[in-house]
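Here is the structure we will look at.
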Amino acid sequence: MAEASSGTPAAASRTGGPDPAALLAWYDRHRRRLPWRAEPGLRADPYHVFLSEIMLQQTTVKAVGPYFGAFLARWPSVSHLAAAPLEEVLSAWAGLGYYARARNLHACAKAVVDRHGGRFPDAEAALLDLPGIGPYTAAAIAAIAFDRPASPVDGNIERVISRLYAIGEPLPGAKGAIKARAAALTPPDRPGDFAQAMMDLGATICTPKSPACSLCPWMEPCVARAEGDAARYPVKAPKGEKPRREGAAFLAVRADGAVLLRTRPDKGLLAKMTEVPSTPWDSRAGAKAPARAEDHAPFPTRWRAVPGAVEHVFTHFALTLKVLRADLPAATPAPDRHRWVRPEGFGREALPSLMRKVLAHGGVE
DNA sequence: CATCCGTGGGG
DNA sequence: TCCCCAAGGAT
């Protein structure tokens with residue numbers, strides 16, 4: 001066991017396996033500079049690591065950048081974030097998607113303050129107990145922020161490991177084997193850098209479609225590369241069809257420019273986010289005698305169809321939304337649980353991208 | 001273990 | 001155009 005885990009090039013050539021030191025050397029030369037990362041050799045702020053890791057879940061580095069900066073400027077510490085109203089966190093998060101992350105981010109900040117005195121725990125198990133922090137994020141924070149011997153496995157690392165060892169079992173079944181391989185490779189001295197090195201390798205060299213194997217520090221030990229087609233890993237289970245739903249949104253616009261909005265329910269899709277009132281979204285297959293859209297209108301008036309429609313794709317279904325617009329006097333009152341909001345106030349609303357599309361399609365803003 | 005949960009960009 | 005994907009978690 002001791003010889004297999006020694007990270008010297010000699011040991012690697014003896015065993016034929018990948019050498020962690022080779023990857024770390026590559027990382028020291030080619031690491032990405034990212035807003036949440038510390039300078040080489042320094043340890044990143046746990047709050048920065050936490051915030052970035054939550055934002056980066058299923059989300060690209062490019063998309064996260066502006067949000068990370070805005071959050072850090074507005075809430076410089078976990079205590080500031082914990083003290084913020086949830087509505088403000090949601091409106092700041094609007095557009096980034098997966099809004100349960102924002103709710104959990106806020107709940108987690110409060111838990112860190114309440115249960116840990118405002119300091120993040122450094123133990124993986126304690127991190128795992130926090131809302132919104134799962135196996136990946138717990139290991140990532142432990143390794144990156146505290147240099148604890150943890151082995152986070154994200155999509156990048158799944159891809160790198162599955163190619164390195166040519167793991168033919170499809171995901172997600174292969175996750176256990178991949179995690180075991182990753183843990184076995186993790187060097188005890190630089191676990192945080194090693195995790196980030198694997199992610200950088202996956203993001204810049206060992207990419208999903210056409211990996212740049214000739215530039216890879218692990219080209220020689222990579223079994224998939226030796227087979228000749230690294231891109232066929234990781235093997236994944238086939239995906240099902242994406243159903244389609246449709247509905248209509250009611251864009252009521254007052255003479256003073258205010259638009260009628262409301263807050264979505266506490267659970268489910270876009271929970272607690274702001275929406276333009278709309279009909280339920282029905283799957284078009286089973287709807288044979290759909291009720292008239294006007295039956296779901298916030299109030300009876302002359303609704304006029306805006307030409308065209310809004311198309312939006314969620315993770316598990318695609319949506320076509322017609323927009324019905326009505327122009328009303330400035331004195332029109334808001335129905336129960338609705339509110340009038342002028343465009344200057346949109347920035348304080350938790351408007352998801354779909355609702356931005358609806359507003360734009362209806363000629364607002 | 002399967003499903004739900006957003007969004008925007010790239011091949 | 002369409003499909004895939006991006007530092008996953010909760011239930």
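Here is the naming used below: chain letters follow the sequence lines, and residue numbers restart at 1 for every chain. These figures come from a predicted structure and were not determined experimentally.
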(message) Within the 4.0 Å heavy-atom criterion, would you say A/L34 contacts the bases, only the backbone, or no part of the nucleic acid?
(response) base

(request) Check whether any side-chain heavy atom of A/H106 lies under 4.5 Å from a side-chain heavy atom of A/R101, and answer yes or no. (result) no

(message) Whether A/E158 and A/R163 form a salt bridge (side-chain N of Lys/Arg under 4.0 Å from carboxylate O of Asp/Glu) is what I want to check.
(response) no

(request) Determine whether any donor atom in the side chain of A/Y98 lies under 3.5 Å from an acceptor atom in the base of B/dG6, or the reverse, and answer yes or no. (result) yes

(message) Tell me the interatomic distance from A/K175, atom NZ, to B/dA2, atom P, rounded to whole angstroms.
(response) 12 Å

(message) Whether A/K267 contacts C/dA10 is assessed here as follows: a side-chain N or O lying under 4.0 Å from the phosphate OP1 or OP2. Is that the case?
(response) no

(request) May I ask you to say what A/G202 touches in the nucleic acid, namely base, sugar-phosphate or nothing, with a heavy-atom cut-off under 4.0 Å? (result) nothing

(message) Just N and O in the side chain of A/T137: are any of them under 4.0 Å from OP1 or OP2 of C/dG9?
(response) yes

(request) Let me know which of A/F68, A/Y47, A/Y67 forms a ring pair (Phe, Tyr, Trp, His ring centres under 6.0 Å) with A/W36. (result) A/F68

(request) Starting at atom OH of A/Y136, determine the distance to atom C1' of C/dA10, rounded to an integer number of angstrom. (result) 18 Å

(request) Anything below 3.5 Å on both distances counts as a pair; with that, list the stems of at least three consecutive Watson-Crick or G-U pairs involving DNA chain B. (result) B:2-5 with C:8-11, B:7-11 with C:2-6

(message) At 4.0 Å (heavy atoms only), tell me whether A/W93 reaches a base, stays on the sugar-phosphate, or touches nothing.
(response) nothing

(message) Would you measure the distance from the C1' atom in C/dC5 across to the matching atom in B/dG6 and give it in whole Å?
(response) 13 Å

(message) Tell me the interatomic distance from A/E311, atom CD, to B/dT7, atom P, rounded to whole angstroms.
(response) 15 Å

(request) Identify whether the distance between the nearest side-chain nitrogen and carboxylate oxygen of A/R32 and A/D200 falls below 4.0 Å. (result) yes

(message) If the cut-off is 4.0 Å, is A/H316 near the phosphate of B/dT3, judged by side-chain N/O to OP1 or OP2?
(response) no

Grab the N/O contacts between the protein and nucleotides 8-11 of chain B below 3.5 Å, and write none if there aren't any.
unit_1: B/dG8; atom_1: OP1; unit_2: A/S353; atom_2: OG; d: 3.0

(message) What's the closest nucleotide to the side chain of A/K239 if the choices are C/dC4, C/dG9, B/dG6?
(response) C/dC4

(message) Under a 3.5 Å threshold, yes or no: a donor from one side chain and an acceptor from the other, between A/R181 and A/S162?
(response) no

(request) Can you tell me the distance, in whole Å, between the CE atom of A/M55 and the P atom of B/dT7? (result) 15 Å

(message) Can you identify which nucleotide, out of B/dT7, C/dG9, B/dG6, has its nearest atom closest to the A/L354 side chain?
(response) B/dT7

(message) Nearest heavy atom decides the nucleotide; on that basis, is A/P208 or A/A138 closer to the 5' end of DNA chain C?
(response) A/P208

(message) Test side-chain contact (heavy atoms from CB on, under 4.5 Å) on A/W340 and A/L261; report intermediate values, then the result.
(response) CA-CA 6 Å; A/W340 293 104; A/L261 300 176; over 6 Å; no

(message) What's A/R356 touching, base or sugar-phosphate or nothing? Going by heavy atoms closer than 4.0 Å.
(response) nothing

(message) Are A/L319 and A/L354 packed together at the side-chain level, in the sense that at least one heavy-atom pair is separated by less than 4.5 angstrom?
(response) yes

(message) Any side-chain N or O of A/Q58 below 4.0 angstrom from OP1/OP2 of C/dG8?
(response) yes

(request) Sticking with atom C1', work out how far B/dC5 lies from C/dA6, rounded to a whole angstrom. (result) 15 Å

(message) What's A/L270 touching, base or sugar-phosphate or nothing? Going by heavy atoms closer than 4.0 Å.
(response) sugar-phosphate

(request) Taking atom types as modelled, find out whether A/E246 and A/T320 have a side-chain donor-acceptor pair closer than 3.5 angstrom. (result) no

(request) Indicate whether OP1 or OP2 belonging to C/dA10 is found under 4.0 Å from a side-chain N or O atom of A/R103. (result) no

(message) Ring-plane angle category for A/F120 and A/F50, please: parallel below 30°, perpendicular beyond 60°, tilted otherwise.
(response) tilted

(message) Quick check against the 3.5 Å criterion: does A/D147 have a side-chain atom that pairs as donor or acceptor with the backbone of A/G192?
(response) yes

(request) On the 0 to 90° scale, with breaks at 30° and 60°, tag the A/F71-A/W93 ring pair as parallel, tilted or perpendicular. (result) perpendicular

(request) Send over the distance from A/I54 CD1 to C/dG8 C1', rounded to a whole Å. (result) 9 Å

(request) For A/L105 and B/dC5, give me the distance from atom CG to atom P, rounded to whole Å. (result) 20 Å

(message) Expressed as a whole number of angstroms, how long is the span from A/L269:CG to C/dA10:P?
(response) 18 Å

(request) Using a heavy-atom cut-off of under 4.0 Å over every strand shown, decide if A/P131 touches base, sugar-phosphate, or nothing. (result) sugar-phosphate

